[in-house]
Amino acid sequence: MIEKDKKRKQEKRKLLDEEAKMNIKQKDKEQKQEKRKALDEEAKLKIKQKDKEQKQKKRKMLDEEAKIKIKEKEKKQKQEKRKVLDEEAKIRLKQKDKEQKQEKRKVLDEEAKIRLKQKDKEQKQEKRKVLDEEAKLKIKQKDKEQKQEKRKVLDEEAKIRLKQKDKEQKQEKRKVLDEEAKIRLKQKNKEQKQEKRKVLDEEAKIRLKQKNKEQKQEKRKVLDEEAKIRLKQKNKEQKQEKRKVLDEEAKTKIKQKDKEQKEEKRKTLDEEAKSNTRKKTRNQMKEQRAARTSEADNAIQTFLQMIKQGPAYICSVCHRLMYRECVVLYNENVFTMCDKELLETCNTNKKSIDGEQYICTTCSWNLKRNMMPVQAVTNSLSLDDIPETLKDLSTLESTLISKRIPFMKILALPRGKQKAVHGCVVNVPVNPEETCSILPRLPSSSSCITVKLKRKIEYRGHVIVQSIRPLKIMESLQHLKNEQKNPHYQDIIINDNWPEDSSEDNPQLWEALTSSSPSNNGSALHVLPTASICCYGLKMHPQYHKIHLKM
């Protein structure tokens with residue numbers, strides 16, 4: 001019968017508009033309230049429990065969106081009710097809600113409690129996101145005061161446990177932060193501590209310093225020797241950094257303060273402790289001196305070990321002599337991006353002194369990108385073997401047949417004695433044909449003449465002075481022109497009939513050159529890197545002849 005009446009009411013309400021529905025709901029609510037007033041406490045509790053169960057049954061049949069809408073609606077209703085309440089009623093209502101939550105949580109297991117705490121935390125965070133800075137600060141201050149009030153009623157053990165718990169939570173939060181966030185957090189905590197200490201009096205500051213000192217000492221007791229040394233070094237560096245930004249007066253004050261503290265500590269020591277301290281100081285100074293000496297010795301040994309092996313490693317691609325740090329072992333599997341034909345072309349299989357095949361970092365970088373190394377031997381940079389005819393030429397003999405003679409001033413540097421070019425470099429073009437045309441072909445192939453190479457005939461000094469072999473020079477020219485077919489020497493005309501031409505041109509000179517009789521003393525042949533060459537004598541016999549030639 002009751003179910004039937006309920007269905008009739010629902011059908012009637014479907015035909016009504018919203019205002020009529022609201023009026024009927026309000027009327028039903030007032031009737032329920034009047035009925036409940038006449039009931040005792042037990043009956044009221046039963047009715048509340050019954051209403052609660054009915055609501056739960058209804059909600060079970062709903063989907064998630066409908067449940068969220070109902071929760072939101074009930075929340076608004078509670079807020080509207082609280083608006084018309086006074087402060088005392090609000091406080092009582094909050095206390096009541098709090099007790100109800102605590103009773104609900106008592107029957108939950110640990111996982112459910114953790115999930116509920118996480119949910120409450122997320123809700124608070126969402127609420128705070130929409131607040132401005134002032135509101136956030138007020139909420140933080142309020143939470144802080146609530147925590148302080150809770151801790152006041154706790155005993156010492158509970159306070160210690162709570163502090164330990166807070167400390168662990170902070171450590172867990174910091175683990176997931178990056179380095180920059182950690183630094184910012186440390187700076188923030190430091191500033192907060194400084195602000196707290198500003199409002200303290202001198203006695204409180206002294207007590208706080210003493211407390212921090214004791215805490216540090218307790219932490220250090222559980223550390224090993226290495227950790228203690230690292231901590232001391234860290235503290236020392238921090239003090240040095242702080243003192244760098246101070247002025248001279250502040251530094252002087254700090255030094256004076258440290259000195260007084262040391263003296264006060266020593267006053268409380270007995271004779272044995274003082275002697276032990278002196279010994280410890282002496283030993284520390286000795287260790288520091290030994291460390292400085294050992295560091296210098298180690299640096300010297302390291303340097304000598306590094307320069308022990310010179311540039312003796314050959315790159316198999318560019319054939320340059322490199323240091324060991326500049327080359328790596330050649331491995332074809334590394335060059336996966338390089339074309340096989342290019343790799344086979346560049347690789348010359350040149351091995352170093354240890355029998356291994358190396359490649360320099362520059363060539364390796366290019367081959368990995370499938371590019372021909374600029375300094376590769378196969379990139380038209382291969383050097384020909386020196387012929388036997390040219391191998392045993394002296395420096396001056398090579399200069400006399402070269403197409404160009406570079407003049408430069410080379411100095412020894414003050415440190416390391418390495419060579420350096422000072423000033424400009426002069427590149428003088430020379431015609432070897434004219435130079436060699438004045439060199440007499442003596443009867444003996446082993447004969448030599450002494451030649452001085454000058455930059456200018458008026459100069460007293462010379463660049464090179466050596467004994468040369470004219471026959472060897474002529475053979476080298478013949479090899480470069482006829483056998484090797486060097487393109488730079490194809491325009492040179494070598495006069496093989498120069499003895500007849502010379503005898504016809506100047507018979508007196510020719511007789512003086514080819515005569516074996518001793519004569520007046522003279523000097524060496526002076527050669528200029530130009531077309532005009534002056535000769536002041538030829539070293540043919542123990543005696544010298546003074547001659548002047550013009551080409």
Side-chain angles (χ1 to χ4, degrees), residues 151 154-168 170-171 174 182-183 185-187 189-304:
R151 288 180 181 177
L154 298 174
D155 55 354
E156 291 298 323
E157 293 182 1
K159 288 180 182 178
I160 292 167
R161 288 197 301 271
L162 194 60
K163 283 182 180 179
Q164 188 66 22
K165 188 177 177 181
D166 293 341
K167 189 176 178 181
E168 291 173 358
K170 286 181 180 179
Q171 289 175 354
R174 286 179 183 175
K182 287 180 182 177
I183 292 168
L185 192 60
K186 283 182 182 178
Q187 187 66 23
N189 293 336
K190 189 176 178 181
E191 291 173 358
Q192 289 176 355
K193 286 181 181 179
Q194 289 175 353
E195 289 175 358
K196 287 179 182 178
R197 288 179 183 175
K198 285 178 183 177
V199 297
L200 297 175
D201 55 354
E202 292 297 324
E203 294 181 0
K205 288 180 181 178
I206 292 168
R207 287 197 301 272
L208 191 60
K209 283 182 181 178
Q210 188 65 24
K211 187 178 177 182
N212 293 336
K213 190 176 179 180
E214 291 173 357
Q215 289 176 354
K216 287 181 180 179
Q217 289 175 354
E218 290 176 359
K219 289 179 181 177
R220 287 179 182 175
K221 285 178 183 178
V222 297
L223 298 175
D224 55 353
E225 291 299 323
E226 293 182 0
K228 287 179 182 178
I229 292 168
R230 287 197 301 270
L231 192 61
K232 282 182 183 178
Q233 187 66 21
K234 187 178 178 181
N235 293 335
K236 189 177 178 180
E237 291 173 358
Q238 289 176 354
K239 285 181 181 179
Q240 289 175 353
E241 289 177 359
K242 287 179 182 178
R243 288 181 182 178
K244 284 178 183 177
V245 297
L246 298 175
D247 55 356
E248 292 298 325
E249 294 182 1
K251 289 180 181 179
T252 306
K253 289 178 183 177
I254 290 172
K255 284 181 181 179
Q256 187 66 25
K257 189 177 177 181
D258 293 341
K259 190 176 179 180
E260 291 173 359
Q261 288 176 356
K262 287 181 180 179
E263 288 176 354
E264 288 176 0
K265 287 179 182 178
R266 286 176 183 174
K267 285 177 183 179
T268 58
L269 299 174
D270 54 358
E271 291 299 325
E272 291 184 2
K274 287 180 181 179
S275 62
N276 293 332
T277 305
R278 289 194 196 100
K279 287 179 182 178
K280 188 178 179 181
T281 306
R282 289 195 205 100
N283 293 331
Q284 286 178 354
M285 292 176 71
K286 286 180 181 178
E287 289 176 358
Q288 288 176 0
R289 290 194 199 102
R292 286 195 292 269
T293 307
S294 63
E295 285 177 2
D297 293 339
N298 292 334
I300 292 170
Q301 291 296 328
T302 304
F303 174 73
L304 294 174

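Throughout, residue positions are numbered sequentially from 1 according to the sequence presented.
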Other residues, nucleotides, ligands: >12 heavy atoms within 6.0 Å of [X] [atom1]:
X: Lys228; atom1: NZ; value: yes
X: Glu226; atom1: CD; value: no
X: Gln284; atom1: CD; value: yes
X: Lys196; atom1: NZ; value: no
X: Lys193; atom1: NZ; value: no
X: Glu249; atom1: CD; value: no

Non-hydrogen side-chain atoms of [X] and [Y] separated by less than 4.5 Å:
X: Lys165; Y: Arg161; value: no
X: Glu214; Y: Gln210; value: yes
X: Lys209; Y: Asn212; value: no

To the nearest 0.5 Å, how far apart are [atom1] in [X] and [atom2] in [Y]?
X: Ile160; Y: Gln164; atom1: CD1; atom2: CD; value: 9.5 Å
X: Asp270; Y: Asn276; atom1: CG; atom2: CG; value: 8.5 Å
X: Gln256; Y: Lys253; atom1: CD; atom2: NZ; value: 11.5 Å
X: Arg282; Y: Thr277; atom1: CZ; atom2: OG1; value: 10.5 Å
X: Lys257; Y: Thr252; atom1: NZ; atom2: OG1; value: 14.5 Å

Thr302 and Asn298 have their tightest heavy-atom pair at OG1-O, 2.6 Å
Which heavy atom of Arg197 sits nearest to which heavy atom of Leu208, and what is that distance? NE-CD2, 3.3 Å
Could you walk me through whether Asp166 and Lys163 pass the side chain to side chain contact (heavy atoms under 4.5 Å, CB included) check? CA-CA 5 Å; Asp166 293 341; Lys163 283 182 180 179; 5.6 Å; no
What's the verdict on side chain to side chain contact (heavy atoms under 4.5 Å, CB included) for Gln215 and Lys211, showing C-alpha distance, side-chain angles and the deciding distance? CA-CA 6 Å; Gln215 289 176 354; Lys211 187 178 177 182; 3.8 Å; yes
